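On a predicted model such as this, the values are computed, not experimentally measured, just so you know. Sequential numbering from 1 along the given sequence is applied to the chain's residues. Basis for what follows: all heavy atoms, side chains included, without hydrogens, waters or symmetry-related copies.
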Amino acid sequence: MSGNSQFAYYLQLAARSFKRNKVLTALMVLAIALGIGAAMTTLTVFYVLSGDPMPGHSQNLFQPRLDPRSMTGYIPGSEPPDNISRFDGEALLREARADRQALMTSGNVAIEPRRDNLPAFRQNSRYTSADFFPMFQVPFQYGAAWSGKEDEGRARVAVIGKKLNERLFGGGNSVGKSVWVNNHELRVVGVIDAWHPQPNFYDLTVERGFGEAEELFVPFSTARDLRMGAQGNISCWGDSADLPEGNYSVAAKCIWAQYWVELNSPQKVAAYRQYLDNYVAQQRAAGVYVRPTAPKLDGLMQWLDYKRVVPADVRLQMWLAFGFLAVCLLNTVGLLLAKFLRRSGEIGVRRALGATRRAIFAQCLVEAGSVGLAGGVLGLVLAQLGLWAVRQQSVGYAALARLDPAMLATTFVLAVAASVLAGLLPAWRACQVTPAIQLKSQ
């Protein structure tokens with residue numbers, strides 16, 4: 001008998017066994033389904049939160065971290081802060097030692113539509129520099145990003161997102177049109193297509209990076225000229241009350257901006273680390289830096305790990321769910337063992353007619369795998385219900401809790417693998433049945 005015909009024969013035997021023991025079969029399918037449903041719900045949430053937001057490009061993206069703070073509150077061995085001062089950010093931006101570099105911060109501005117039927121509204125925004133868009137591979141539906149010259153010229157331009165373009169201009173090509181922001185007119189130079197990396201790794205200060213997509217981008221220099229308010233964390237160690245822009249002035253002793261660079265080879269990474277060391281040494285020599293903290297250059301994935309983007313409760317829930325799956329598997333082992341040993345007479349007859357132990361073992365594993373497949377289908381339904389419940393929660397990542405094709409395939413692979421694993425001991429016990437003893441008892 002060929003391998004395919006043997007497998008088909010074992011499936012027929014499994015189907016007959018299910019019909020004879022419907023209650024026992026239902027209990028095993030339910031046990032597998034409950035474990036798979038709980039495990040896949042939490043695994044999917046963990047998967048979407050811990051994924052690479054820039055696949056194929058994340059190895060080229062780095063965040064420099066410097067520590068210009070005073071000695072007040074200094075703890076030996078402490079890490080540099082997450083954000084950067086405006087003074088340092090603009091200095092690094094001018095020297096432009098990376099392949100690309102961008103200084104940025106987030107904001108929330110008032111959009112004033114010039115349409116009678118659309119009232120003013122608030123909009124999340126980002127003030128940044130020209131390299132932001134090519135560095136983070138931002139796709140454009142219309143137009144393009146502004147240039148470095150427009151950064152230097154403090155041009156009153158803007159890039160808007162697809163949703164904001166639909167809201168203001170009906171989704172058409174709005175390049176060259178005006179958008180009014182905080183009573184200032186900005187010219188639209190580009191419209192971004194759908195783009196929302198998860199998490200928003202370049203700024204984790206708002207909702208741990210899982211908030212809504214930003215829909216308005218303005219040159220950092222222009223935003224400062226127009227005194228657009230920033231949002232996010234700010235830490236100061238000096239008095240900035242008399243400065244023109246207060247804590248946001250270039251001379252303010254405050255850290256509140258983000259800075260990212262693109263470095264396309266290991267040699268450039270090493271050279272940039274040396275550049276940061278030299279920059280910090282110069283600032284210490286000038287008396288600007290007083291802490292002995294060494295600068296850091298974190299890669300994107302290293303940065304996400306350092307910031308613990310995946311919440312601790314999500315990790316805990318995942319491990320608890322897999323513990324629950326293990327308990328369900330133990331119950332399934334007991335049920336399979338009871339089911340197979342109850343058929344000792346049938347197995348003895350098959351052995352007497354020439355079936356090998358290997359054939360009996362394979363038959364039992366096929367039956368266990370069939371249980372797992374049925375449990376996987378029901379577990380998928382339970383996982384979808386679990387993810388729906390997650391999406392009802394008021395957390396930033398709730399909308400991401402969805403099964404993609406990879407996790408869908410994982411559901412069935414895990415279900416079948418778990419049930420086959422659970423069936424190993426019962427199958428081994430079944431194939432140890434002695435034909436002579438069973439024939440005598442018949």
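The number of heavy-atom neighbours closer than 6.0 Å to NZ of Lys163, taken from other residues, nucleotides and ligands shown, is 12 or below.
Checking side-chain atoms of Asp99 against main-chain N and O of Asn264 turns up a donor-acceptor pair under 3.5 Å. For Arg86 (side chain) and Tyr248 (main-chain N/O), a donor-acceptor pair under 3.5 Å exists by modelled atom type. Under a 3.5 Å cut-off, the side chain of Asn165 and the backbone N or O of Gly172 do form a donor-acceptor pair. Side-chain N or O atoms of His184 include none that pairs as donor or acceptor with a backbone N or O of Ala223 at under 3.5 Å. Formation of a donor-acceptor pair under 3.5 Å by the Arg114 side chain with backbone atoms of Glu112 is found in this model.
The shortest non-hydrogen separation linking Ser129 to Leu93 is OG-CD1, 3.9 Å.
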Problem set entry | side chain to side chain donor-acceptor pair (under 3.5 Å) between Gln123 and Asn108, intermediate numbers included | CA-CA 5 Å; Gln123 179 63 61; Asn108 187 273; over 6 Å; no

For this session: For Phe201 and Trp303, run ring-ring contact (aromatic ring centres under 6.0 Å, His included): C-alpha distance rounded to whole Å, both residues' side-chain angles, the deciding distance at 0.1 Å, then the answer.
Result: CA-CA 8 Å; Phe201 59 90; Trp303 167 243; 9.8 Å; no

Problem set entry | Derivation and outcome, side-chain contact (heavy atoms from CB on, under 4.5 Å), residues Arg65 and Tyr306 | CA-CA 13 Å; Arg65 290 193 287 136; Tyr306 167 70; 3.6 Å; yes

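Between Arg187 and Glu150, at least one side-chain N (NZ, or NE/NH1/NH2) sits under 4.0 Å from a carboxylate O, which counts as a salt bridge.
Qualifying ring pair (Phe, Tyr, Trp, His ring centres under 6.0 Å) partners for Tyr127, counting only residues two or more places apart in sequence or in other chains: none. Scored by the side chain to side chain contact (heavy atoms under 4.5 Å, CB included) test, Trp319 finds no partners at all (sequence neighbours excluded).
With rounding to the nearest 0.5 angstrom, the CG atom of Asn60 is 10.0 Å from the CZ atom of Arg100. Note that the CG atom of Asp193 and the NZ atom of Lys162 stand 5.0 Å from one another [nearest 0.5 Å]. Here the CD1-OG1 distance, from Ile32 to Thr332, works out to 4.0 Å after rounding to the nearest 0.5 Å. One finds the CD atom of Glu215 at 9.0 Å from the CG atom of Asn124 (value rounded to the nearest 0.5 Å). Once rounded to the nearest 0.5 Å, the distance linking OH of Tyr259 with CD of Glu90 reads 10.5 Å.
Side-chain contact between Ile84 and Gln258 is absent, with no heavy-atom pair separated by less than 4.5 Å.
Cation-pi check for Arg126 over Tyr202 is not met; the charged atom does not lie both under 6.0 angstrom from the ring centroid and within 45 degrees of its normal.
The aromatic rings of Phe217 and Phe132 lie tilted to each other, with the angle between the two planes from 30° to 60°.
Partner of Ile36 under the side chain to side chain contact (heavy atoms under 4.5 Å, CB included) criterion, chosen from Leu382, Val416, Thr411: Thr411. The one candidate from Leu216, Thr105, Leu164 that meets the side chain to side chain contact (heavy atoms under 4.5 Å, CB included) condition with Ser125 is Leu216.
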